[in-house]
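Structure first, commentary second.
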Amino acid sequence: MLNDKLGNWTRTHRCGDLTAAQIGEEVCVMGWAQRRRDHGGLIFIDLRDREGVVQLALDPDRDPTSHQKAEQVRNEFVLAARGKVSPRPEGTVNPKMKTGEVEIEISELLILNRSETPPFMLDEFTEVAENIRLKYRYLDLRRPALQKNMLMRHLVAKTVRNYFDSQGFIEVETPVLTKSTPEGARDYLVPSRVNTGSFYALPQSPQLFKQLLMVSGFDRYFQIVKCFRDEDLRADRQPEFTQIDCEMSFVNRAQVMDIMEGMVAKVFKVALDVDLTLPMPRLSYAEALDRFGVDNPDLRFGMELIDITQQVAGSQFKVFSSVAASDGLVKALNVKGGATFSRKELDDLTDFAKIYGAKGMAWVKVTEAGWQSPIAKFFTEDELTALNEKLAAEVGDLLLFMADTSAIANEALGRLRGHLGQKLGLASKDNYQFTWVTDFPLLEWDAEQRRHVAVHHPFTAPLEEDIPYLDTDPGKARAQAYDLVLNGSEIGGGSIRIHDQAVQSRMFELLGIGAEEAREKFGFLLDALDFGAPPHGGIAFGLDRLMMILAGTDSIRDVIAFPKTQKATCLLSDAPNEVDDKQLQELGVRLRTKQQ
RNA sequence: GGGGCUGUAGUAGAGUUGGUUACAACAACGGCCUGUCACGCCGUAGGUCGCGGGUUCAAGUCCCGUCAGCCCCGCCA
């Protein structure tokens, strides 16, 4: 059957926008049939567009032609309808719908297109397995939840652009086909046909180009830009993702952080109508690790880590005292009211800690009769008193202990803290607690590669007072870096950059990148720094992670229109796919066989 | 590279100790119905139990392998 033609019909309203204010108006709406209710005589159709749903009423007595057409309508047919907005008869108002006070009395109906029966209902109620949703992503995107997320993402991007514009930033595009560089994540490579045997890399970030823009005098740059990292996926990680990237000249750390707080506050106001308190708290890396065990602490709840290494150093409990003697850490958490945890729950917590390298976990239930714990017997009265005091232990509390190297004790107990915060409902989704984390180490020792690697990236400037350490004790040098952490998630990170060619060369040297390699890989940057590079610094925010928190979802796929699966494939387009041998030949690329 | 969870009509699920023809719901299709709104009523159709192998008289169910989706560790300057 032929579809109706749109002709010169013009939409006057979006479905979801019709309210009592339009009563009496002749309107024209277009959208998808969400559901048809056929009463034999009267037919109701819920028509949906991105703003919502409105009820069309088709009365055979008013217009038999459109009523007849309405009998053919099935789910997801594309309709255009003209009619009068009317108040619903008494007793038939639907308070659950935004448009529930009105309906459109249809005088003319067009079936613009038909639809196969969709593989799943496109309403807000039906739950569908994610692989099915991803295969039919264009249908899933038609549903209210994803429509809402994508509309919000647009609003956030618009707000970011307006804010940066108002602060004198300009958006400049940087290359997507660029140069592979050592350090950092695995690159996505693109073979060059014109230069057989050579490859471009897709950018992990526009880092070098934005620094060059500072050398070029643009002063304040930003870009909302795709970045690519060929690493394994997580619930909050996709191989291609979007950064809000920016860079400023003639600024120090505090000035960068101030401007960025303003941007984040604007975004929260526009997207959620939430007023943030500025300035945001600032924690040093050392303090974050000491108090929370991780460099991305969730500040929605307390339950801080407590260092009890001193208190147990002399105890009979060898697991603790030996760690204390070997420069490790013994730390504890006081889970208020946690004495009700079952043995199974405690075992589960232990298993959780083991994921992060912990060898075990000691626990204590604080009861009226004292410590109920497998390890209670190892401690003297004095030691118990000291520990109870240090941990502010009260009857009903659960104390969890971790003894290990400082790295493992901190991470395992810190993760356990985050896990317990979720489990105990201490981390409400609509509570937004920010903190900056600063003074990261500049370098860390990579035992496998037997060299220092940059904690942030190789262009990060050391704290001015720590520059002497570069020659004496590089591991001790701290960086002029800063991460913005929201509810335990790192949503942004940046630094003041090195603008001095000599310092940059020294940095490469420390990273074990020889002068020749540095010249080959980064020569263009080193050259640029020699031509009057201004002091500069910047930051990049992960737009997808920010959107996850704004949208209140646990999956990055819910804020990306066309996301990849965990194996980095696209179930919709079937990418990546094999290509014709002819294409490979043109590129000068030959596939290795499995045996090789 | 490693650990874990899941896979049964189009969809989301039930299926007990291995035992008759694999269930009911929603969706679909046909019919009835003039105030429903996740409409209602009657009827019809719809299955490679992810795939492959094994054990068994007998496998959706037990075992092995494999594929896919998800979560995590490693990885992610």
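Below, read A as the first sequence line, B as the second, and so on, with proteins coming before strands; counting in each chain starts at 1.
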At 4.0 Å (heavy atoms only), tell me whether [X] reaches a base, stays on the sugar-phosphate, or touches nothing.
X: A/Gln566; result: base
X: A/Ile132; result: sugar-phosphate
X: A/Pro458; result: base
X: A/Gln204; result: nothing
X: A/Arg557; result: sugar-phosphate
X: A/Val453; result: nothing

If you check every side-chain atom of [X], which of [options] has the closest atom?
X: A/Leu134; options: B/C70, B/C37, B/C76; value: B/C70
X: A/Ile355; options: B/C72, B/U11, B/G69; value: B/C72
X: A/Phe125; options: B/C76, B/A38, B/G69; value: B/A38
X: A/Lys567; options: B/G10, B/A38, B/G69; value: B/G69
X: A/Arg88; options: B/U11, B/G35, B/C37; value: B/C37

Next item on the list: Could you give me the CA-CA distance, side-chain angles and deciding distance for A/Arg478 and A/Asp466, then say whether salt bridge (Lys or Arg N to Asp or Glu O under 4.0 Å) is met?
Entry: CA-CA 6 Å; A/Arg478 290 165 297 170; A/Asp466 286 0; 2.9 Å; yes

Can you check the distance between [N] and [M], where both ends of the measurement are the [atom1] atom (answer in whole Å)?
N: B/U16; M: B/C57; atom1: P; result: 22 Å
N: B/C29; M: B/C70; atom1: P; result: 32 Å
N: B/G2; M: B/U20; atom1: C1'; result: 45 Å
N: B/A59; M: B/C32; atom1: P; result: 47 Å
N: B/G46; M: B/A22; atom1: C1'; result: 14 Å
N: B/C62; M: B/G18; atom1: P; result: 8 Å
N: B/A25; M: B/U36; atom1: P; result: 24 Å

Notebook entry, point to check: Which base, if any, makes a Watson-Crick or G-U wobble pair with B/G18, both distances under 3.5 Å?
Noted result: none

Checklist line | Base partner of B/G7, which must satisfy Watson-Crick or wobble distances under 3.5 Å | finding: B/C67

Notebook entry, point to check: Going by the angle between their ring planes, with limits at 30° and 60°, are A/Tyr138 and A/Tyr136 parallel, tilted or perpendicular?
Noted result: perpendicular

Margin query: Angle between ring planes, A/Phe508 versus A/Phe522, binned at 30° and 60°: parallel, tilted or perpendicular?
Written below: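 It falls in the parallel class, under 30°.
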
Check: Would you say a side-chain N or O of A/Thr565 is under 4.0 Å from OP1 or OP2 of B/G69?
Finding: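 So the side-chain polar atoms of A/Thr565 do come within 4.0 Å of the phosphate oxygens OP1 or OP2 of B/G69, strictly under.
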
Next item on the list: Check RNA chain B against residues 513-528 of chain A and give the residues with a non-hydrogen atom under 4.0 Å, in numerical order.
Entry: none

Notebook entry, point to check: Which residues, if any, of residues 74-82 of chain A bring a heavy atom under 4.0 Å of RNA chain B?
Noted result: A/Arg74, A/Asn75

Notebook entry, point to check: Does one side chain, of A/Arg88 or A/Ser86, offer a donor that lies under 3.5 Å from an acceptor on the other?
Noted result: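 Not at all, the side chains of A/Arg88 and A/Ser86 share no donor-acceptor pair under 3.5 Å.
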
Checklist line | Per-nucleotide protein contact string for nucleotides 40-47 of chain B, where B marks a base within reach and S marks sugar-phosphate only (heavy atoms under 4.0 Å, - for neither) | finding: --------

Check: Is there a donor and acceptor pair, one atom on the side chain of A/Asp232 and one on the base of B/G74, closer than 3.5 Å?
Finding: yes

Margin query: I'd like to check, for A/Phe120, whether its ring lies over the base of B/U11 with centroids under 5.5 Å apart and a plane angle smaller than 30°.
Written below: no

